[in-house]
S.K.: 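This is the structure I want to talk about, given as structure tokens.
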Amino acid sequence: MNLPLPIVGKAATEAQSAHELLARYTVPNYGRLALAPERGEGVWLWDAGGRQYLDFGGGVAVTSLGHCPPVITRALAAQAGKLIHCSNWYEIRGQGELGKFLTETVMESPGKTLFCNSGAEANEALIKLARKFGHATPLPDGTPRTGILTFFNSFHGRTYAGISATGQEKVKTGFAPLVPGFTHLPYNDFAAVEKAVAEAPDTVAILVEPVQGEGGVHVATADFLRGLARICREKNILLLFDDVQSGIGRCGHWCGWKTAAPEIIPDGVSWAKGIGGGFPIGAAWIRQRPIQPGPDAPDLCDILGPGTHGTTYGGSPLACAVASAVLTEIHEKGLCGHAAAIGAEITDTVQGWDHPLVREVRGAGLLLGFVLNPDALPVPAAAGEAATLPSIRVVKALMAEGLLSVAAGPEVIRWLPPLNVTREETATALGILRRVLDRLAAPAATVPA
Ligand SMILES: Cc1ncc(COP(=O)(O)O)c(C=O)c1O
């Protein structure tokens, strides 16, 4: 139904709730929870009514240093007073400095970075890199190699290439025709990859999350990653890691795969989310290595030459200043190691509860998934509640007690607190989690719809 859109004055607008304004004036593409955040500090968030929440959702792995940390607000203010934006027609020094840090400290391997604004865009850059590479290194008959392997339950963003790469039907429904050339395989199944590569000689790249976040917090095994690295090396296929959610300290190391297989140097990596700590920035790192054997072969990191790709906002002076401040803070405060330690403590604690509602704890560092046992959840009290996913029901129950978390699929609750979360804050969150799980597991329990 088309409602007339009354033009209202300032006073009338202020009287409307966030819920009313969103419902009337924004596209309903998000299933939002009934919480209108107004202010944040560290791991804490306050709603419009002044109610306080412990934010262990972290904006889905974005607020790596918590809400409004002084290092970010200082960097923002200082750079905003100097230069917010200038075109990529000019030499933006901040991009060079940030690229140097990513190559020398994060990757510890020669390479170059392309800056953009989001995770989807960073993956788009890697996918375009793969296609360009496949044209430059064709099959013996001259046909470009274009096939890209990705995995079931993956998530690579909402652009057309992103949803085409993503191994979940729900993001594709109603959007066909998609970008061709993607094949999805079972995650952590190297035999399936070997078979797919043998059957499709035009395979040019493998795009994989070191830890699948949106798909339910699944961690890649060392054997799987090493197998991928080996077959990519043997067949001159690009190994591309989507580290948008799992990277920049989130999993206890700069890079999400380093817990499992630290020696692997991929051909490309995408980052976003935590690298800006809340300010939009994405990055696609590309390895420096010849595209094929031979004296005149260009380096992979140079094949996206002038005019091949770009974006107006990508790597603005402001975005680079913020990201540099975030990376410096993570580096100087040793937050990768801190995230690894706190994550291990949370895992041990929750596993130690042996709780009937929790089947398993998965993840690495501070990308953690509590796999629910839906059979142990109380029968929904109200009609209509049954349609709500178990994970969402528990997320709502936790929110009602002042703890924010994020669903990852139908049966997994995800925690992604800031990398600098304290032991005290963690103990508070664990206390709420335990209390809510106990209440839900009690015979007469009810859960919010
Ligand atoms: C692994 C992964 N890749 C890509 C994306 C897309 O990032 P963005 O939402 O910044 O476009 C996400 C977002 O959740 C993600 O988790």
S.K.: At what distance, to the nearest 0.5 angstrom, does CG of N153 lie from NE2 of H184?
M.R.: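 Result: 11.0 Å between the selected atoms.
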S.K.: Under a 3.5 Å distance rule, please check whether Y160 uses its side chain to pair with a backbone N or O of F175 as donor and acceptor.
M.R.: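 A pair under 3.5 Å: yes.
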S.K.: Tell me, with the steps shown, if Y187 and V208 meet side-chain contact (heavy atoms from CB on, under 4.5 Å).
M.R.: CA-CA 9 Å; Y187 193 63; V208 61; 3.8 Å; yes
S.K.: Side chains of T137 and Q292: donor-acceptor distance under 3.5 Å anywhere?
M.R.: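 Judged by distance alone, the side chains do not pair up.
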S.K.: Do L102 and F115 come within less than 4.5 Å of each other through their side chains, counting heavy atoms only?
M.R.: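 The answer is yes, as the side chains (C-beta and beyond) meet within the 4.5 Å cut-off.
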S.K.: Among F190, W257, F151, which residue satisfies the ring-ring contact (aromatic ring centres under 6.0 Å, His included) criterion with F224?
M.R.: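 Of F190, W257, F151, ring-ring contact (aromatic ring centres under 6.0 Å, His included) with F224 is met by F151 alone.
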S.K.: Please say which of E209, E214, Q212 ends up in a side-chain hydrogen bond (donor to acceptor under 3.5 Å, both in side chains) with Q245.
M.R.: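 Of the listed residues E209, E214, Q212, the side-chain hydrogen bond (donor to acceptor under 3.5 Å, both in side chains) partner of Q245 is E214.
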S.K.: To the nearest 0.5 Å, what is the distance between CD on E360 and OG1 on T347?
M.R.: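 Atom-to-atom, E360:CD and T347:OG1 are 11.0 Å apart.
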S.K.: Main chain of W46, side chain of R39: is a donor-acceptor contact present, judged purely on distance under 3.5 Å?
M.R.: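 Pair absent, no side-chain N/O of R39 close to backbone of W46.
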S.K.: Donor-acceptor check, side chain of D243 to backbone of G256, threshold 3.5 angstrom: yes or no?
M.R.: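 Between the backbone of G256 and the side chain of D243 there is a qualifying donor-acceptor contact (under 3.5 Å).
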S.K.: Taking everything shown except E263 itself, do over 12 heavy atoms lie less than 6.0 Å from its CD?
M.R.: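 Yes.
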S.K.: Roughly how far, to the nearest 0.5 Å, is the CZ atom of F279 from the SG atom of C320?
M.R.: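 One gets 9.5 Å once the value is rounded to the nearest 0.5 Å.
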S.K.: Which one of L114, I303, V204 satisfies the side-chain contact (heavy atoms from CB on, under 4.5 Å) criterion with L129?
M.R.: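 Of all the options given, the one that passes is I303.
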S.K.: Within the supplied structure, the quantity of interest is the number of heavy atoms (other residues, nucleotides, ligands) at a distance under 6.0 Å from E41 CD; does it exceed 12?
M.R.: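 Incorrect, the count does not exceed 12.
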S.K.: So do L335 and L65 actually touch side chain to side chain, heavy atoms under 4.5 Å?
M.R.: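 In short, these two side chains touch, coming nearer than 4.5 Å.
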S.K.: With a 3.5 Å distance limit and no angle check, can you tell me whether R250 reaches the backbone of L366 through a side-chain donor-acceptor pair?
M.R.: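 Confirmed, R250 side chain pairs with L366 backbone.
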S.K.: May I ask you to test the C255-V106 pair for a side-chain heavy-atom distance under 4.5 Å?
M.R.: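 Heavy-atom side-chain distance check passes, below 4.5 Å.
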S.K.: Side chains of V394 and L357, heavy atoms from C-beta outward: is any pair under 4.5 Å?
M.R.: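 In short, these two side chains do not touch, never coming nearer than 4.5 Å.
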S.K.: Evaluate side-chain contact (heavy atoms from CB on, under 4.5 Å) for L33 paired with K396, printing each intermediate quantity in order.
M.R.: CA-CA 8 Å; L33 295 164; K396 287 182 177 179; 3.9 Å; yes
S.K.: Would you say the side chains of T221 and D223 form a donor-acceptor pair under 3.5 Å?
M.R.: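 There is no such pair (donor and acceptor under 3.5 Å, judged by atom type) between the side chains of T221 and D223.
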S.K.: Can you tell me how far apart NZ (K195) and CG (L185) are? Round to the nearest 0.5 Å.
M.R.: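 Going from NZ on K195 over to CG on L185, the span is 9.5 Å.
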S.K.: Identify the two heavy atoms, one from P317 and one from C86, that lie closest to each other, and give their separation to 0.1 Å.
M.R.: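 For P317 versus C86, the nearest heavy atoms are CD-N, 3.7 Å.
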S.K.: Would you please say whether a donor-acceptor pair under 3.5 Å links the side chains of N88 and Q95?
M.R.: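 A pair is found: one side chain offers a donor N or O, the other an acceptor, under 3.5 Å apart.
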S.K.: What closest approach, in Å, do A283 and C116 show between heavy atoms, and which atom pair accounts for it?
M.R.: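 For A283 and C116, the tightest heavy-atom pair comes out as N-SG, 4.0 Å.
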S.K.: Which distance, rounded to the nearest 0.5 Å, do you find between the CG of L416 and the CG of L404?
M.R.: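 Those atoms lie 12.0 Å apart.
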S.K.: Quick check against the 3.5 Å criterion: does T73 have a side-chain atom that pairs as donor or acceptor with the backbone of P70?
M.R.: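 Such a contact is found between T73 side chain and P70 backbone.
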S.K.: Between I127 and A165, which heavy-atom pair has the shortest distance, and what is it?
M.R.: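 Looks like CD1-CB, 4.3 Å.
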S.K.: Let's go through H309 and K132 carefully: what are the C-alpha distance in whole Å and the side-chain angles of both, what is the deciding distance for side-chain contact (heavy atoms from CB on, under 4.5 Å) to 0.1 Å, and is it a yes or a no?
M.R.: CA-CA 11 Å; H309 194 50; K132 195 94 179 130; over 6 Å; no
S.K.: Using a 3.5 Å distance criterion without hydrogens, assess whether the side chain of R131 forms a donor-acceptor pair with backbone atoms of T146.
M.R.: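 Here the side-chain-to-backbone pair exists.
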S.K.: Going by heavy atoms in the side chains, are L238 and R287 under 4.5 Å from each other?
M.R.: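 In short, these two side chains do not touch, never coming nearer than 4.5 Å.
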S.K.: Apply the ring-ring contact (aromatic ring centres under 6.0 Å, His included) test between W254 and each candidate in F101, F241, W285; give the one that qualifies.
M.R.: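 That would be F101.
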S.K.: Heavy-atom distance under 4.5 Å between the side chains of I330 and C336, does that happen here?
M.R.: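 I330 vs C336: side chains touch.
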S.K.: Any donor and acceptor pair, going by atom type alone, linking the side chain of R414 with main-chain N or O of A407 inside 3.5 Å?
M.R.: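 Indeed, once roles are kept as given, a pair shorter than 3.5 Å links the two residues.
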S.K.: Which is it for L398 and F56 under the side-chain contact (heavy atoms from CB on, under 4.5 Å) test, yes or no, and what are the steps along the way?
M.R.: CA-CA 11 Å; L398 291 168; F56 267 48; over 6 Å; no
S.K.: Just by modelled atom types, is the Q288 backbone N or O under 3.5 Å from a matching donor or acceptor in the K112 side chain?
M.R.: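 Judged by distance alone, no pair lies under 3.5 Å.
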S.K.: In Å, rounded to the nearest 0.5 Å, how long is the span from CD1 of I148 to OG of S164?
M.R.: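 These two atoms lie 10.0 Å from each other.
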S.K.: Ignoring hydrogens and geometry beyond distance, is a side-chain donor-acceptor pair present between H67 and D55 at under 3.5 Å?
M.R.: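 Yes, side-chain donor-acceptor contact under 3.5 Å.
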S.K.: Should we count CG of D296 as having more than 12 external heavy atoms under 6.0 Å?
M.R.: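 Atom CG in D296 is not crowded, with 12 or fewer foreign heavy atoms closer than 6.0 Å.
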S.K.: Are any side-chain N or O atoms of K172 and backbone N or O atoms of T166, one a donor and one an acceptor, separated by less than 3.5 Å?
M.R.: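 It does hold such a pair.
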S.K.: Less than 4.5 Å apart, any side-chain heavy atom of L377 and any of R393?
M.R.: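 Side chain of L377 against side chain of R393, heavy atoms only: contact under 4.5 Å found.
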S.K.: Using a 3.5 Å distance criterion without hydrogens, assess whether the side chain of Q79 forms a donor-acceptor pair with backbone atoms of L83.
M.R.: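 Checked: pair present.
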S.K.: For the residue pair V361 and I346, establish whether any side-chain heavy-atom pair is separated by less than 4.5 Å.
M.R.: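 A side-chain contact under 4.5 Å is absent here.
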S.K.: Could you check whether atom CD of E424 has more than 12 heavy atoms from other residues, nucleotides or ligands sitting under 6.0 Å from it?
M.R.: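 Check fails, neighbour count at 12 or below.
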S.K.: Looking at I84, I'd like to know if its CD1 atom is crowded, meaning that more than 12 non-hydrogen atoms belonging to other residues, nucleotides or ligands lie closer than 6.0 Å.
M.R.: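 At most 12 heavy atoms, drawn from other residues, nucleotides or ligands, come within 6.0 Å of this atom.
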S.K.: Taking all atoms of both residues into account, what is the closest heavy-atom pair of I264 and L225, and its distance?
M.R.: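 Closest approach of I264 to L225: CD1-O, 3.5 Å.
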S.K.: Identify the two heavy atoms, one from P266 and one from M107, that lie closest to each other, and give their separation to 0.1 Å.
M.R.: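 Smallest heavy-atom distance, with atoms named: CD-CE, 3.8 Å.
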S.K.: Work out which heavy atom in N236 is nearest to a heavy atom in R145; give both atom names and the distance.
M.R.: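 Minimum heavy-atom contact is O-NH2, 2.8 Å.
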